[in-house]
There are 2 protein chains.
Amino acid sequence: MAPRQPLTRRRILDAALALAGTEGLDGLSMRKLAKTLGVEAMALYNHVTNKTDILDGIVDRVFTDIDRADPDLPWPDRVRATALSMYRALRRHPVVPLALVTDRANPTSLRALQPMDDLFGAFSEAGLNDDGVRQAFGAVQSLIYGSILLSTTGFIHDAGQAIPREQLAPYSHRLDSDKLPHFSRMLPALSSGDAESDFVRQLDVLIAGLSVLK
Amino acid sequence: MAPRQPLTRRRILDAALALAGTEGLDGLSMRKLAKTLGVEAMALYNHVTNKTDILDGIVDRVFTDIDRADPDLPWPDRVRATALSMYRALRRHPVVPLALVTDRANPTSLRALQPMDDLFGAFSEAGLNDDGVRQAFGAVQSLIYGSILLSTTGFIHDAGQAIPREQLAPYSHRLDSDKLPHFSRMLPALSSGDAESDFVRQLDVLIAGLSVLK
DNA sequence: CGTAAATATATACAGCGTAAATAGGAGTTG
DNA sequence: CAACTCCTATTTACGCTGTATATATTTACG
């Protein structure tokens with residue numbers, strides 16, 4: 001029984017990130033979060049301004065994990081490295097992309113903007129004009145967020161882990177229909193494969209397309 | 001004052017889609033929805049089983065708007081047509097991708113799977129094996145969902161419409177910093193440009209990459 | 001008409017974020 | 001030491017959420 005540590009913003013964010021990891025974004029409530037810290041809900045408000053502040057803090061924290069690519073690398077490798085690092089950091093904490101697209105977080109910190117700046121730089125070096133940079137960056141960002149956010153829907157999912165059979169069941173019962181001829185054939189391939197290596201492959205396709213379309 | 005029309009599942013879904021359009025996914029509550037129909041909240045439960053059922057119904061409804069591409073088109077055009085139709089339908093009702101990625105809806109209807117099947121077919125025809133089809137489909141789907149979901153975050157946004165200045169303000173005040181050299185230059189380009197034409201361009205880049213990487 | 005079935009309402013419960021008032025403990029000052 | 005202040009934690013409360021349950025009302029039918 002260690003003496004209870006003092007409540008601090010940092011401890012709150014740590015606990016919030018952990019709770020969001022196990023309970024999901026909806027499961028992250030002020031009352032539950034306080035309980036994991038052995039405290040009442042309103043005590044949190046002495047250290048964070050509100051729940052949005054917590055989510056902003058979490059986002060900021062996770063974005064800090066994103067590595068900056070070696071600036072001497074050629075631009076395709078810089079894009080690959082930055083995007084993959086973003087993907088890995090966000091995938092470790094899917095609550096972050098979720099909080100961002102649902103407007104529950106609105107980070108404006110330098111840390112959250114740094115990876116974007118790096119991608120802007122890489123695409124500029126590729127010879128794209130500003131519109132091209134915006135489009136290329138948007139494509140990469142969509143790929144990152146899309147693949148993470150969609151990986152929890154029934155549409156596509158990870159390798160063998162985690163209820164592959166039951167989750168597919170509601171889809172299977174329609175597949176005898178000849179209305180979806182390709183779907184039934186694809187079912188096994190949908191549940192096989194690794195999400196990250198798929199992402200890497202998709203990123204390569206995108207980069208190849210950028211190179212070829214100048 | 002027309003005589004009040006009978007409450008029906010269809011009317012409920014219509015009203016829900018409209019309410020979600022104006023108030024967003026979080027603003028769509030059973031009580032508010034009932035109020036727009038001139039009825040008490042619990043009356044809805046005689047026609048839908050719960051809120052998830054409403055969201056499933058909305059998703060299903062919106063997916064019905066997705067056009068099927070001419071099967072005689074070559075595969076790149078079929079992908080383009082299907083993906084663009086998906087993009088347009090979902091962009092008209094962003095609550096749908098939002099409900100899907102937050103697991104508030106779980107459609108298993110044939111209508112919701114049809115566009116996926118069409119894309120599977122197109123990519124198969126391109127000569128990809130099943131793993132390749134899954135990856136290509138995932139990339140297109142990520143692009144669709146990602147661009148729609150991210151268009152409401154501060155990171156990237158539409159043309160001049162809707163608070164471009166105030167929304168950018170929190171970002172601008174950091175840009176004098178030399179930590180984000182490309183960001184400040186990109187700011188005007190970020191708020192210019194049309195979301196849909198960006199999407200089309202990104203889709204073309206992806207298709208070009210697929211063609212070139214076989 | 002009377003009765004059964006369908007539909008609408010009223011009430012209630014547990015949970016949410018958080019405003020406002022209160023209580024407790026640590027530190028400093030007289 | 002006493003008194004006062006400041007910071008932190010708790011308590012209570014308000015309006016919101018989805019929906020279970022019970023009741024009331026309206027409609028359909030023999």
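Values in this document were obtained by computation on a predicted structure and should not be read as measured data. Chain identifiers are assigned alphabetically (A, B, ...) following the order of the sequence lines, protein sequences preceding nucleic acid strands; residue numbering begins at 1 within each chain. Keep in mind that the numbers below use all heavy atoms, side chains included, and drop hydrogens, waters and symmetry copies.
In this structure, Leu28(B) reaches the sugar-phosphate backbone alone: every heavy-atom distance under 4.0 Å involves primed, P, OP1 or OP2 atoms, never a base.
On a pure distance criterion of 3.5 Å, a polar donor-acceptor pair joins the side chain of Asn46(A) and the base of dA9(D). Contact of Arg31(A) with dG15(C) (side chain to base): no donor-acceptor pair of N or O atoms is detected under 3.5 Å.
Ion pairing between a basic and an acidic side chain is recognised when a charged N comes within 4.0 Å of a carboxylate O; Asp53(A) and Arg9(A) show such pairing.
When distances run from any side-chain atom of Leu7(A) to the nucleotides dA9(D), dT10(D), dT9(C), the shortest one goes to dA9(D). If you check dT19(D), dT18(C), dT17(D) against the side chain of Tyr45(B), the one that comes closest is dT19(D). Nearest nucleotide to the side chain of Met30(A), out of dT21(D), dG18(D), dG17(C): dG17(C).
A side-chain contact (heavy atoms from CB on, under 4.5 Å) with Leu150(A) is found for exactly one of Ile144(B), Leu149(B), Val101(B), namely Val101(B).
Between the C1' atom of dT9(C) and the CG atom of Leu37(B) lies a distance of 15 Å, rounded to the nearest Å. In this structure, CD of Glu23(B) is placed 13 Å from P of dC16(D), rounded to the nearest angstrom. Atom CG in Asp26(B) sits roughly 15 Å away from atom P in dC16(D) (whole-Å rounding). In this structure, Lys35(B) places its NZ atom 13 Å from P of dG18(D), rounding to the nearest Å. Taking atom CE on Met42(B) and atom P on dT11(C), their separation rounds to 14 Å, with Å as the unit. Between the CG atom of Leu33(B) and the P atom of dT19(D) there is a distance of 12 Å, given to the nearest Å. In this structure, Arg11(B) atom CZ and dT7(C) atom C1' are separated by 14 Å, rounded to whole Å. Here the C1' atom of nucleotide dA13(D) and the CD atom of Glu40(A) are 15 Å apart, to the nearest Å.
A residue-by-residue look at Gly27(A) and Thr49(A) shows that Gly27(A) has its nearest nucleotide of DNA chain C further toward the 5' end. Looking at which nucleotide of DNA chain D each of Ala41(A) and Ser29(B) is closest to, the 5′-most match is held by Ala41(A).
The base-pairing partner of dA20(D), taking Watson-Crick or G-U wobble contacts with both distances under 3.5 Å, is dT11(C).
Between the side chain of Ser147(A) and the main chain of Leu143(A), a donor-acceptor pair closer than 3.5 Å is present.
We find the CD-CZ distance between Gln114(A) and Arg68(A) to be 3.5 Å, quoted to the nearest 0.5 Å.
Taking the six-membered ring where the residue is Trp, Tyr87(B) and Phe199(B) present parallel rings, their angle staying beneath 30° rather than reaching 60°.
In this structure, His47(A) reaches the dA9(D) phosphate: one of its side-chain N or O atoms is under 4.0 Å from OP1 or OP2.
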